[in-house]
Trainee: 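Please read through the structure below; I'll follow up with questions.
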Amino acid sequence: MARDILDQAAELQEKLNAQALARQLAGSTLGQPSRAVCIDCEDAIPLLRQQLGGVSRCVECEDYYQHAQRQIRQRGRG
């Protein structure tokens, strides 16, 4: 009986993980070409970073952008 509940929980968790992964991949820029120049500061994006695919900002601007996005989301909750 306990094994059945654990199996059901594991199946549910696996299904939720697959759904979350699908949502992430749907919004992902992976596989898309990267920009050679940052869209914010117009500095060159290092080739190694460009090879990640879907990159549009340099590391410094991406950090700033993500920090700003987190603040916006947090304000939306409060």
Side-chain angles (χ1 to χ4, degrees):
M1 179 77 144
R3 180 158 168 74
D4 291 337
I5 292 172
L6 292 175
D7 287 343
Q8 290 175 359
E11 288 174 11
L12 177 60
Q13 185 63 53
E14 190 172 310
K15 181 179 176 182
L16 293 173
N17 288 345
Q19 290 173 346
L21 180 60
R23 282 193 305 272
Q24 288 293 320
L25 290 175
S28 173
T29 58
L30 291 175
Q32 296 180 2
S34 293
R35 294 177 52 102
V37 176
C38 177
I39 61 172
D40 292 336
C41 69
E42 299 184 359
D43 282 352
I45 296 174
L47 185 59
L48 196 58
R49 181 164 170 74
Q50 290 179 36
Q51 291 174 345
L52 294 173
V55 174
S56 58
R57 292 181 174 86
C58 66
V59 171
E60 186 173 283
C61 289
E62 185 64 34
D63 286 345
Y64 179 81
Y65 174 78
Q66 288 183 10
H67 179 74
Q69 292 299 309
R70 281 192 299 273
Q71 287 183 329
I72 291 169
R73 284 193 300 270
Q74 287 172 352
R75 288 183 192 143
R77 293 182 198 153

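Sequence positions, counted from 1, serve as the residue numbers for this chain.
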Trainee: Heavy-atom count check: over 12 atoms from other residues, nucleotides or ligands less than 6.0 Å from Q69 CD?
Mentor: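 Yes.
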
Trainee: Show which residues join V55 in its hydrophobic cluster (side-chain heavy-atom contacts under 4.5 Å, direct or indirect), or state none.
Mentor: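 Same cluster as V55: I45, L52.
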
Trainee: Drop me the distance from C61's SG to D43's CG, to the nearest 0.5 angstrom.
Mentor: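 Going from SG on C61 over to CG on D43, the span is 7.0 Å.
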
Trainee: Determine the minimum heavy-atom distance between C41 and C58, stating which atoms define it.
Mentor: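 Nearest pair, atom of C41 first, then C58: SG-SG, 3.8 Å.
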
Trainee: Tell me, yes or no, whether the heavy-atom count around Q19 atom CD, taken from other residues, nucleotides or ligands under 6.0 Å, exceeds 12.
Mentor: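 Enclosed.
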
Trainee: Would you give the length of the straight line joining atom NE2 of H67 to atom CG of D63, rounded to the nearest 0.5 angstrom?
Mentor: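 Rounded to the nearest 0.5 Å, the NE2-CG separation comes to 10.5 Å.
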
Trainee: With a cut-off of 6.0 Å (strictly less than), are more than 12 heavy atoms of other residues, nucleotides or ligands near CG of L47?
Mentor: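 Above 12, so yes.
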
Trainee: Under the side chain to side chain donor-acceptor pair (under 3.5 Å) definition, can you give me all pairs with a residue in residues 48-62, not counting sequence neighbours?
Mentor: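 Every side chain to side chain donor-acceptor pair (under 3.5 Å) pair that includes a residue of residues 48-62, provided the two are not neighbours, is D40-R57, E62-Q66.
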
Trainee: Which residues, ordered by chain and number, are linked to I72 in its hydrophobic cluster, where ILVMFWY side chains connect at heavy-atom gaps below 4.5 Å, directly or through other members?
Mentor: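 ILVMFWY cluster around I72 holds nothing else.
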
Trainee: Under 3.5 Å, is there a donor-acceptor pair linking the side chains of Q13 and N17?
Mentor: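 Q13 vs N17: donor-acceptor pair found between side chains.
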
